Amino acid sequence: MEPSEIIAGGVISGVAGEVAKALYVRTAQPLIERYFGKHLSVAHSTAESNVLAFLAVLAQNLKRGEHDPTETDTASKVTQGLEDPDAAFTFRQAILSGARTSSRERHAILARAISERLSSDSGSTKAVASNQAVELVHSLSGAHLELLGLIALLYHIRPWHLVPPDAGSESEAVDRSEAANQVGQQQAVAYGIWFREQLKLYSFPIPGIESHLIHLSGSACIVFERKVRRNFYSATRPYRKPVVRRVNTPFYMALPYELGSATWEFVDGATRFDEFWERYLQHAFPTPVGMLIGVAVHGIKSGEELLSGWEWSEDFGLEDATVNDDIWDGKEITEKFLSVLDRAIVDRAQRRVRPWAPLDE
């Protein structure tokens, strides 16, 4: 197979395709020859096809990942990135991993990890997560990848093209006219429809989900804490900067109902999504490597171009919507708990429930 097949059908054109061909000739082909020698003819041919498919996805990612892409930028990004020994080593690992599989999802994960690694500094969180994703890709089953895609959708992937501009500051006047409220309602409805359609990409129920979550936790893809509770709306709404989170624009006033409607739908014959959330998903929070893998998986499932950098952008932050249920902070008992306790005591006393009932009863 000739490396020119990377540019099959003109899908990858220009320097991005030339870069992919150069990577194949200089790095991938020698590795294939070394690990899948000619005496393993079938394995050699399959590995070659797999690597070409992986490099095609990588070339597309390198072109898409630029906010203002130029062909020179694509080439220099790869050249400069591979001057780092750590990045070069990770790229060699990705080549061998890509050779082992024909899975579109795994190629997408590897391509995303490499494109992120080439644009990050050694030792940074981004670099470490990218390296780890390459190492993990063959340690996760298809069910694990699906679950990470779902978790990434819930906690981070947002249709920003459907989100109206937020308030500029907490003191900014908000248009609450009837027309503005109607527009905000329509925008929230569109957002809710998008979210429900994305959920439909995943199959429910998920057999063996408990063991999957344990594996993902042990692989450092998620943090699974059974005692931690998270609010569904706060977890799934668009990220808002702290200075405007208390500003109720028409869109954000209507959004809780539209997102909440997704939780009422059945994921199987007897279980609503909110039960599934309460039992499993609210306790599973993605790590940087889990997010990188999950975003790549969901991009393949949805067909949407999820631009590189979403996992790390300050503009699209990841908010951990934990619910504080602590009643004792080591110094004081919370007023909320005392208030509930007071009402319970009064109620029991009025109903003469023990220990407030007379002793002779």
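Keep in mind that this is a model prediction, so the values were computed, not measured.
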Without swapping roles, check the side chain of Ser339 against the backbone of Glu335 for a donor-acceptor pair under 3.5 Å. no

Counting C-beta onward and ignoring hydrogens, is there a side-chain heavy-atom pair between Thr90 and Ser130 closer than 4.5 Å? no

For Gln132, enumerate each residue passing the side-chain hydrogen bond (donor to acceptor under 3.5 Å, both in side chains) test, keeping only those at least two apart in sequence or located in another chain. none

Separation between OG1 (Thr101) and NE2 (His138), nearest 0.5 Å, reads 5.5 Å

Passes side-chain hydrogen bond (donor to acceptor under 3.5 Å, both in side chains), Glu146 versus His212? Steps please. CA-CA 10 Å; Glu146 284 264 316; His212 298 332; over 6 Å; no

Check Arg196 with Glu265, please: is the shortest side-chain N to carboxylate O separation under 4.0 Å? yes

Can you label the angle between the Phe232 ring and the Phe273 ring as parallel, tilted or perpendicular, going by 30° and 60°? perpendicular

Does the plane of the ring in His144 sit parallel, tilted or perpendicular to the ring in His215? Use 30° and 60° as the thresholds. parallel

One thing to verify: whether Asp347 and Arg351 come together as a salt bridge, which I'm taking to mean a side-chain N less than 4.0 angstrom from a carboxylate O. yes

Does a donor on one side chain sit under 3.5 Å from an acceptor on the other, for Tyr191 and Gln186? no

Does the ring of Tyr252 carry Arg237 above it, NZ/CZ under 6.0 angstrom from centre and within 45° of its axis? no

Given Leu153, which of Leu199, Leu148, Leu201 fulfils the side chain to side chain contact (heavy atoms under 4.5 Å, CB included) condition? Leu199

Which pairs would a plain distance check flag for residues 278-286, meaning a side-chain donor or acceptor within less than 3.5 Å of a matching protein atom at least two apart in sequence or in another chain?
| unit_1 | atom_1 | unit_2 | atom_2 | d |
| --- | --- | --- | --- | --- |
| Glu278 | OE1 | Gln282 | NE2 | 3.2 |
| Tyr280 | OH | Glu210 | OE2 | 2.7 |
| Gln282 | OE1 | Arg230 | N | 2.9 |
| Gln282 | NE2 | Glu278 | O | 2.9 |
| His283 | ND1 | Glu225 | O | 3.3 |
| His283 | ND1 | Arg226 | O | 3.2 |
| His283 | ND1 | Val228 | O | 2.7 |
| His283 | NE2 | Glu278 | O | 3.2 |

Could you check whether Lys200 pairs with Glu197 (Lys NZ or Arg NE/NH1/NH2 to Asp/Glu carboxylate O, under 4.0 Å)? yes

Using a strict 4.0 Å threshold on nitrogen-to-oxygen distance, state whether Asp84 and Arg117 make a salt bridge. yes

